[in-house]
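Please read the structure below before turning to the comments.
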Amino acid sequence: MAAFLRSKCSSVGRTLMGSLGNNVYGAASSSVEAVIRPSDCDAISQQIRTFIQMRTNLKVVDNSGAKRVMCIQAKRGKYGARLGDTIIGSVKEAQPRGKVKKGDVVYGVVVRAAMKKGRSDGSEVQFDDNAIVLVNNKGELIGTRVFGPVPHELRKKKHLKILALAEHIV
């Protein structure tokens, strides 16, 4: 099935190129294929980015000792968590001598999300991965450093300590 879908995407380029030069498929059929097939190819090649919901794996970007956390529950929202929201998660991978261990249930603040977030100036911010910073149940950071970029939307959510420790604010 995947090979069929992949070949369908590669034939789009051939039909587009065929309509420019020597037209093998015929003028009417290639123009219709060029209109219909790119939408099929876009749906296949692009992953749909959604909220951070139950069983989503997130990267931990602080020095608390955890490497990967699986979301158990989003603390806010009907559909899931977005940037700046707090989640409850279970540590799936951890460093040997860290502050948290594998299997611990922890709280975390979402600092990077693959889902697009619109800004008031009309721009959109979107990251390549989903990442969190671990906090305790009072909202205080467990780690002492935050790695990678974090969005300035965390300021509105009152996570100023995360912004102060971040390497780069986007």
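- The NZ atom of K158 sits 7.5 Å away from atom CG of L160, with the distance rounded to the nearest 0.5 Å.
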(message) I'd like to know whether D128 forms a salt bridge (charged side-chain N to carboxylate O under 4.0 Å, His left out) with R112, so could you lay out the CA-CA distance, the side-chain angles of the two residues, the decisive distance to 0.1 Å, and finally the verdict.
(response) CA-CA 8 Å; D128 293 332; R112 292 200 294 260; over 6 Å; no
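- Expressed to the nearest 0.5 Å, how far NE2 of H152 lies from CD1 of I169 amounts to 9.5 Å.
- Between the E167 side chain and the F147 main chain, no donor and acceptor come within less than 3.5 Å of each other.
- In the hydrophobic clustering of ILVMFWY residues, with side-chain heavy atoms under 4.5 Å counting as a link, I142 and V133 come out apart.
- For K161, the NZ atom is loosely surrounded, since the number of other residues' heavy atoms within 6.0 Å does not exceed 12.
- Annotation: the span from I87 atom CD1 to M54 atom CE amounts to 11.5 Å, rounded to 0.5 Å.
- One finds the CD1 atom of I52 at 4.0 Å from the CG atom of N130 (value rounded to the nearest 0.5 Å).
- Note that the CG atom of N63 and the OG1 atom of T144 stand 3.5 Å from one another [nearest 0.5 Å].
- Other residues, nucleotides and ligands contribute at most 12 non-hydrogen atoms within 6.0 Å of the NZ atom of K102.
- In the displayed structure, R76 atom CZ is contacted under 6.0 Å by at most 12 heavy atoms of other residues, nucleotides or ligands.
- Going from atom CZ of R82 over to atom OG1 of T50 covers 11.0 Å, rounded to the nearest 0.5 Å.
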message = What verdict does the side-chain hydrogen bond (donor to acceptor under 3.5 Å, both in side chains) test give for R68 and N57, after you've listed the backbone C-alpha separation in whole Å, the side-chain angles of each residue and the deciding distance to 0.1 Å?
response = CA-CA 7 Å; R68 186 172 57 93; N57 285 309; 2.9 Å; yes
